[in-house]
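A quick write-up on the structure given underneath.
Letters A, B, ... mirror the listed sequences (proteins, then strands); counts begin at 1. Worth saying up front: this structure is predicted, and the values here are computed from it rather than measured.
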2 protein chains.
Amino acid sequence: MPTIKDVARLAGVTVTTVSRVLNNRGYISDATRQKVYQAMEELNYQPNEIARSLHRRKSKLIGLIIPTVSHPFFGELAGFIEYYAHLIGYKVLVCNSLLDRKKEKEYIEMLKSNRVDGIIMGSHTLEVEEYMNVNYPIVTFDRCISEKIPYISSDNYEGGKLATTLLIQKGCKKVAHISGNLQLQLLANKRSQAFIELSKEHGIESVIVETELNVFDITQYEMMIRHLLEKHPDIDGIFASSDVMAAYVIQICYFLNKRIPEHIKIVGYDDIKIASLFVPPLTTIRQPIEEMAKCAVELIVKQVNKEPFERENVFPVELVERLTT
Amino acid sequence: MPTIKDVARLAGVTVTTVSRVLNNRGYISDATRQKVYQAMEELNYQPNEIARSLHRRKSKLIGLIIPTVSHPFFGELAGFIEYYAHLIGYKVLVCNSLLDRKKEKEYIEMLKSNRVDGIIMGSHTLEVEEYMNVNYPIVTFDRCISEKIPYISSDNYEGGKLATTLLIQKGCKKVAHISGNLQLQLLANKRSQAFIELSKEHGIESVIVETELNVFDITQYEMMIRHLLEKHPDIDGIFASSDVMAAYVIQICYFLNKRIPEHIKIVGYDDIKIASLFVPPLTTIRQPIEEMAKCAVELIVKQVNKEPFERENVFPVELVERLTT
DNA sequence: TTCAATATGTCAATCGTTTGACATAAAAGA
DNA sequence: TCTTTTATGTCAAACGATTGACATATTGAA
């Protein structure tokens, strides 16, 4: 691989000059600039970003830790994060924690070693204290870690409220909620909180089942939902805390010959792309994933540049009514 | 951030010694080793991987270029690639080309600048020649670029054959195929080729519609499929070249009151996780995504280590029969 | 006692780039 | 003509780690 020296030699100038054209600083005549460009072209020269990073002590790298990019919600989130990062010259190092505490910790260490400029945390199995000595620009999804660390979330309470209210309005007499893991101190728990409060407020019978940690044990999900519907055959409304979860519900209802929305109504959460392709198309609470992703990148950049930023970034949620309610 | 010098100072040894314990080379007494570890602990020291990369001229970075991680197939692929890369100490830089030629080129340049150890290409809008001066370990998904570059694909012809044969066996009289973009020189085109040959061989009427490049124009897909089914209302079997595409088909059939599988049978391709959650659950051709991802990482590593490797890596495909046929 | 193995230190180059300080020379403006 | 401005060069340190060559000192074993 050619270095800046090779370029300098070929262009008949010094490395200082090459560096000057590379970084647009100091005086450079057009003639020299052209010579240098030509030499770079000829050698197929690419400045070594590693050396640059080392020197300027900025890697232009953002670390992204999520449960897994293969989950549609996080996949879309990661896609947008990478999109907005790329727009401003940042690269994204994707880390799939699989909600494994050990991996999550390893990844944080790894990202620190690689001197990423910031970390976006969308996976939260670690204790709050563990973040204390991460003296990095950091942004959190759906979890409030400390006074200093900014977080991003959708308006979870409002989302839970919209979902629950819709079910009640549509005439449900007994509603169920499939929540995420409530042990983790996630802001998403407010969805469940809203569900509980609203159904109580309206005097509607309600039941909650909680999801285990291991996100992708398909048969386990099936069992759980099946069990729920068999134990409470009179459930006529379900608020699932994610669209993927709602997909399970829809399918099980199909096998149980419960017609949607006649016998049972379903509301999801997230509004991932494929939710509109379910049969029937899923009514869900839309999180503005793109805006949230953009915000995450901006929050990292602001911290890098030592600009002021908002700590609380709660995004409005929207009820997208399709055909499951 | 503390450096190796700070550690040396605190431990009362030289940087050479610290480096020796860090890299496990030369003689080191247990006592010194402990002192050094303690100093590292105390300072919360993380060796600077950027400096290391610069010196050893290996970044332990793999670049992954795909259309977008938010597409379920590529999301799952990316997830597994990251998983296997992480197992052996590699990190993954994810690049979403959005099938934009310019972005794809930019990303290749960027990855070269960042001196990634290898590139996994899953997005192919570029001309073959453009790859010529990528003198990197490289692996390709579903495209054969040159004599030297290894590629990975599923047994596309066999997949197309299995799908088409199944439709015919199940009694379809007029079958349709929704292909990807056939201009791109992808190996996936063999799915279409098999479809054409098999339906002709069995004397079955067939029709093909081709997908445009812009992957995610939802309404466009809908229009296309709707148009297809309206123009040919007697189609009773569809082979979609991806599960996502099949999801569109299923939904449109639902709206058109075509019952699946009674009136029309559908086969997808990929077997993404969510395909089993469709209603009805999708019959599809399974690509062994995990094995393919593992292979991609291994092929990069083998090239990095200058070990011999296979150029053609075609993975067997499996018919997963669910309820749409 | 002597030799080898073990343990650590010293020194400096290297990876590829940036940058500051300074020198020099040509071109341009007053 | 004299002074700026512009254009380039020279030199060397810095970023943070690795490594080879060599020196020295302490062990322990023969």
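In this structure, A/Arg115 atom CZ and D/dG16 atom P are separated by 8 Å, rounded to whole Å. With rounding to whole Å, A/Asp30 atom CG is found 13 Å from D/dT6 atom C1'. Taking atom OH of B/Tyr27 as the reference point, atom P of D/dG28 lies 15 Å away to the nearest angstrom. B/Met40 has its CE atom 11 Å from the P atom of D/dA17, to the nearest Å. Following rounding to the nearest Å, A/Ile4 (CD1) and D/dT10 (C1') show an atom-to-atom distance of 15 Å. Between the CZ atom of B/Arg56 and the C1' atom of C/dG16 there is a distance of 15 Å, given to the nearest Å. When rounded to the nearest whole Å, the span between CZ of A/Arg52 and C1' of C/dT18 equals 9 Å. D/dA17 atom P lies 15 Å from atom CD1 of A/Ile50, rounded to whole Å.
Taking 4.0 Å as the cut-off between side-chain N and carboxylate O, B/Lys294 and B/Glu290 do not count as a salt-bridged pair.
Within 6.0 Å of OH on B/Tyr83 lie no more than 12 heavy atoms contributed by other residues, nucleotides or ligands. Atom CD of B/Gln38 has 12 or fewer heavy atoms from other residues, nucleotides or ligands within 6.0 Å.
Across the interface with DNA chain C, nearest-nucleotide mapping of A/Ser19 and B/Arg20 shows B/Arg20 to be the residue nearer the 5′ end. Toward the 5′ end of DNA chain D lies the nearest nucleotide of B/Met1, the other residue of the pair B/Arg25 and B/Met1 mapping further downstream. Between B/Asn48 and A/Val15, it is A/Val15 whose nearest contact on DNA chain D lies nearer the 5' terminus.
Heavy atoms of B/Thr14 sit under 4.0 angstrom from at least one base atom. Counting non-hydrogen atoms under 4.0 angstrom, A/Ser29 reaches the backbone sugars and phosphates but no base. Contacts of A/Thr16 with the nucleic acid, taken as non-hydrogen atoms under 4.0 Å apart, include base atoms. Note on B/Ile28: only backbone sugar-phosphate atoms sit closer than 4.0 angstrom, heavy atoms only; bases stay farther off.
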Inset, instruction - Please report the C-alpha distance between B/Thr14 and B/Thr17 in whole Å, then the side-chain angles of each, then the deciding distance to 0.1 Å, and finally whether the side chain to side chain donor-acceptor pair (under 3.5 Å) criterion is met. - result: CA-CA 5 Å; B/Thr14 62; B/Thr17 304; 3.1 Å; yes
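Counting atom types as modelled, A/His55 pairs no side-chain N or O with a base atom of C/dT17 as donor and acceptor under 3.5 Å.
Within the model, atoms CZ of B/Arg311 and CG of B/Leu299 stand 12.0 Å from one another, a figure rounded to the nearest 0.5 Å.
Distance from the side chain of B/Ala51 is smallest for D/dG16 among the nucleotides D/dG9, D/dG16, C/dT18.
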